Amino acid sequence: MRNRLSIVLLFLLMMLKGSGQELPRKMDWWKDARFGMFIHWGVYSGPGRGEWIMYQEHIPYEEYRKLAGSFQPRAYDPAKWVALAKEAGMKYVVLTTRHHDGYCLYDSKVSDFTSVKVGPGKDLVAEFATACHKAGMRMGFYYSLTDWHLPGVLPQGYPKSRDILQPLVKQAHDQVKELLTNYGKVDILWFDGMAPGDTGVWHSDALIRMARQLQPDIVINDRAGTAGDFVTPENVVTAHNQPWESCYTMNRTWGYAPSDNNYKPVAELIRLLTSCVSQGGNFLLNVSPDGDGKIPDRQITSLREIGNWIKKHGVAIYKAGPSPIVASNLGFQCRVGDKVYLFIQRWPGIVLPFAWCGSHVISAKILTTGQTVRVEQKEDRVWLKGLPATPPDPYMNVVELTFDGEPKATNPAYR
Ligand code: GLC
C-alpha cells in the first residue's frame, strides 16, 4: 500500500515537472518586476573616471589602497537611493558589493581591503540592506569574481593562470558565504568578472549550490560559469528563450564619470524599457553615485521622469510579456493577461489601423490621457478612430486594448 502511494506521488511529481511550467515559482516576482536599478559604486567613484581605473591606468595596489583611504562617502544614505528607485518605478536594486578592484563595501573577514578596514570604517552593505528591507525593496548583490588587488591579477585583468586564480576562488566562496549569511534576505546574486572558459576552476556548481542553500529563493545570473536563472545581455536588447535582463548605462560608463555626458534621453530610456518588456525581458538601468554617495542630478531627473511616465503606464510594464497580436508598423506591443498594450513610436494620427487580430476588441483607451477611442473591426482588421492628431505623451504613447477573452492572432506574428 505504502509502495503504491509513493509510486503515485512520484508520478504526480514527474507530471508537475513536465507540465510546461518550466520556470520555478521563485522567478515569478523577478519576471513581474521588469525594471530594476543597478548601482555601480566604490573607491573608483572618488576619482570619477569609471570603475576600471585600477586596470586601465595600471594603478598598483599600494597606490589604490591610499585612494581607498580617502573614500569617505559623507552623503551616503542608501534609503535615498532606494526611495529614488521606487519613485522611478523600479522593483529591485542591485549594488556592486565588490567590483573587480576587490574592495568590499562590507565587512569581509577574509580580506584586508574592505570599507571597514580602509576608508569609511563601516559596513556600507549593512546600511544598504537595512534600507532595502525597511522599504520592502528587493535587494541584489553584484559580486565580481576577479580581484585586481590580489598579487599577480592586475596585469592579466581576468587571470588565466590557475596558480594565480586559486586564492581568488577560495576568497569568492568565503565572501559569497558572508554576503548571503550576514545581511538578511538577499533576492538576487549578480556575478561578474569571470574569464570565459574558466568554469571548472571556480567550482561554480558548488558555489551556486551553497548560495541556494543559504538563500533558497535567491535568483542568480549567468556570469559565474553556470547557466544560472537568467542571462544578462549588456548594453544591448537581445531576447532569449530563457529569462533575461538587459543591463544598461544611462551615459556610457557604469562607475561615476562626470565628464561622460553622453546621456540617453528619457525617451530613449523608455524605449529601451518597453523594448525589453515587449520581448519578455527585464531592464536593469544603472546609476553611478559619486565618491560622496550622491547620485548625479542628471540621473535623478531622468529617473523621476521615467517614474512619472510609469505612473500612467505601469499597467503595461509589470507582469507584461510578448503579445500574440502585433502592430510593428507602430512600435512595440505587450500582453498582460487578456489585455494588449500598443507602445506607439510612430504616432499614426487620428486613425490607428492594425490587423491579424483573431479576437474581438471590446474597447481601446489611450493611457496617457485616459481617453477612450472608437473601435471598428472587420474580421481580423481593426481601426481605432478619433485619436488626437498629434501624440499626447512626449515620450511613449500607449494604447490599451481590451478583448472579450484571450487575445489571439489570425496569423503567426511577423515582427
Ligand atoms: C562588465 C564590466 C563591468 C560592469 C559590468 C556590468 O563586465 O567589466 O565594469 O560592472 O560589465 O554588467
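As the structure is a prediction and not an experimental result, all values here were calculated from the model. In listed order, ligands and their atoms are each counted from 1.
Summary of contacts: the protein heavy atom closest to atom 3 (C) of ligand 1 is His99 NE2, 3.5 Å. In this structure, atom 12 (O) of ligand 1 lies nearest to the protein heavy atom Glu234 OE1, 3.0 Å. The protein atom (non-hydrogen) at minimum distance from atom 2 (C) of ligand 1 is Trp52 NE1, 3.6 Å. Of all protein heavy atoms, the one lying nearest to atom 5 (C) of ligand 1 is Asp192 OD2, 3.3 Å. Protein heavy atom at the shortest distance from atom 10 (O) of ligand 1 is His40 NE2, 2.5 Å.
At a heavy-atom distance under 4.0 Å, only side-chain atoms of Arg223, from C-beta outward, approach ligand 1. The proximity of Trp190 to ligand 1, defined as any non-hydrogen pair under 4.0 Å, is limited to the side chain. Counting heavy atoms closer than 4.0 Å to ligand 1, residue Tyr158 contributes side-chain atoms (C-beta onward) but none from N, CA, C or O.
At least one side-chain heavy atom of Met396 sits under 4.5 Å from a side-chain heavy atom of Arg271.
Using a 30° and 60° split on the angle between ring planes, Trp190 and Tyr142 fall in the parallel class, below 30°. Note on ring orientation: taking the six-membered ring where Trp is involved, the planes of Phe128 and Phe141 are tilted (angle from 30° to 60°).
Ligand 1 has an N or O atom lying under 3.5 Å from an N or O atom of His100, backbone or side chain.
With 3.5 Å as the limit, one finds no donor-acceptor pair spanning the side chains of Thr249 and Asn286. A donor atom on one side chain and an acceptor atom on the other are found under 3.5 Å apart for His149 and Asp147. In this model, no donor atom of one side chain and acceptor atom of the other lie less than 3.5 Å apart for Glu51 and Tyr256.
Annotation for ligand 1: atoms under 4.0 Å from non-hydrogen atoms of Glu51 are 3 (C), 9 (O). Listed by number with element, the atoms of ligand 1 under 4.0 Å from a non-hydrogen atom of Tyr142 are 10 (O). Short contacts between ligand 1 and Cys247, defined as distances under 4.0 Å to a heavy atom of the residue, involve ligand atoms 12 (O).
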- Decide side-chain hydrogen bond (donor to acceptor under 3.5 Å, both in side chains) for His313 and Thr274; before the verdict, give the C-alpha distance in whole Å, the side-chain angles of both, and the deciding distance to 0.1 Å. CA-CA 10 Å; His313 303 93; Thr274 52; over 6 Å; no
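For Trp254 and Phe38, the ring centers are positioned less than 6.0 Å apart.
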